[in-house]
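Structure first, commentary second.
Residue numbering restarts at 1 for every chain, and letters A, B, ... go by the order of the sequence lines. This structure is a prediction, so every number in the text was calculated from the model and none was measured.
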2 protein chains.
Amino acid sequence: MIDHIGEKGLQRAELAQRTGCNLETIRYYEKIGIMPEPPRTASGYRVYYERHVSRLRFILRSRELGFTIEGIRGLLDLVDGGTQTCAEVKERTERHLADVRAKIADLGRIETVLAATAAQCSGERVPECPVLETLGS
Amino acid sequence: MIDHIGEKGLQRAELAQRTGCNLETIRYYEKIGIMPEPPRTASGYRVYYERHVSRLRFILRSRELGFTIEGIRGLLDLVDGGTQTCAEVKERTERHLADVRAKIADLGRIETVLAATAAQCSGERVPECPVLETLGS
DNA sequence: TCTTGAGTCTGCATTTACTACAGACCCTAT
DNA sequence: ATAGGGTCTGTAGTAAATGCAGACTCAAGA
């Protein structure tokens, strides 16, 4: 029963804890409009339910996959819009996949240079350091 | 003689053009103290020389290799301090190399998930999109 | 000589995606 | 009753630039 959310719902900190999201980030996502404004208690405390947990997990998962907020917003629009077209989602995913692959390639080049640079270096006290030479050239 | 900088030096836009750096970024690097304050003309225009070109190239190259500004500052301190120890530089490079490798590994995992997700998707108009399912799960 | 257009100067605002306060409430347990 | 947590709001700060407004300067053409 640990996972079940009853009628009383969750407080902000509980939602944060359940999703692993930072406490303040929840409020931020509400502010920028990717999380809905939740109902409030009489005294103004936010109350979250199952659907908020799902939505926040969706957002966090997308974030982990490197989507920008605008990218996530686009994905959510599709979800919210009830669009039946999978094609758009696929296209966005594939475009993002290309970005990720490009980034991997860039980092691969950087790795090569760094590794070569570090390897050249004896680590001894010498007047000219090959790392600095490489960077400066 | 295109590359030679005479006594008259370069204007900011010329330095930007030679190094491929954004015009405003030069001023920013001066402000945060990684580029020196250059001499000025009587009317207050900055004047740059060979040494400024070298230093900016060093900074940009380090940036391309993914060093943060603080990382670059550290490298420059070593250069400016005239420290004869190559060991420190090597250590920083290797630490950074480890970071880069970790980032590549992360992106590799993301790539796997994205590729698998996109592959599952037919692109047709179906009520449930596997990409959204994956993200939402 | 005057004007026009391009370049420069300064400081400030904007960007992305959060994170962290401060100061005021609220709620529960002792 | 009070102590401690939690929550609320709005605002400020972070990295690393980038962009802009409004004033100034400079060189070339009419």
Quiz item: Hey, is the main chain of B:Glu91 close enough, under 3.5 Å, to the side chain of B:Glu94 for a donor-acceptor pair?
Solution: no

Quiz item: Are the side chain of A:Thr25 and the backbone N or O of A:Tyr28 linked by a donor-acceptor pair below 3.5 Å?
Solution: no

How long is the line joining [atom1] of [X] and [atom2] of [N], in whole Å?
{"X": "B:Glu64", "N": "D:dA16", "atom1": "CD", "atom2": "P", "answer": "16 Å"}
{"X": "B:Lys31", "N": "D:dT18", "atom1": "NZ", "atom2": "P", "answer": "13 Å"}
{"X": "B:Tyr28", "N": "D:dC20", "atom1": "OH", "atom2": "C1'", "answer": "18 Å"}
{"X": "A:Arg12", "N": "D:dG6", "atom1": "CZ", "atom2": "P", "answer": "12 Å"}
{"X": "B:Ile26", "N": "D:dT18", "atom1": "CD1", "atom2": "P", "answer": "11 Å"}
{"X": "A:Arg27", "N": "D:dG10", "atom1": "CZ", "atom2": "P", "answer": "8 Å"}
{"X": "B:Glu70", "N": "D:dA17", "atom1": "CD", "atom2": "C1'", "answer": "14 Å"}

Phosphate-side-chain proximity, [X] and [N], N/O vs OP1/OP2 below 4.0 Å:
{"X": "A:Arg40", "N": "D:dT9", "result": "yes"}
{"X": "A:Arg46", "N": "D:dT9", "result": "yes"}
{"X": "B:Ser43", "N": "D:dT25", "result": "no"}
{"X": "B:Asn22", "N": "D:dA16", "result": "no"}

Exercise. Side-chain contact test, heavy atoms from C-beta onward, threshold under 4.5 Å: evaluate it for B:Thr19 versus B:Tyr48 and give yes or no.
Key: no

Quiz item: Between the base of D:dC20 and the side chain of B:Glu24, is there any donor-acceptor pair under 3.5 Å?
Solution: yes

Quiz prompt | Span of DNA chain C, from the first to the last nucleotide whose atoms fall under 4.0 Å of chain A heavy atoms | solution = C:dA17 to C:dC27

Does a salt bridge link [X] with [Y], judged by any charged N lying under 4.0 Å from a carboxylate O?
{"X": "A:Arg46", "Y": "A:Glu30", "result": "yes"}
{"X": "B:Arg73", "Y": "B:Glu70", "result": "yes"}
{"X": "A:Glu24", "Y": "A:Arg27", "result": "yes"}

Quiz item: Given the rule that I, L, V, M, F, W and Y join up when any side-chain heavy atoms are under 4.5 Å apart, are A:Ile69 and B:Leu114 in one cluster?
Solution: yes

Quiz item: Taking for each residue the nucleotide of DNA chain C with the nearest heavy atom, is it B:Gln11 or A:Arg63 whose nucleotide lies nearer the 5' end?
Solution: B:Gln11

Quiz prompt | First encountered from the 5' end of DNA chain C, between A:Ile69 and A:Thr41 | solution = A:Ile69

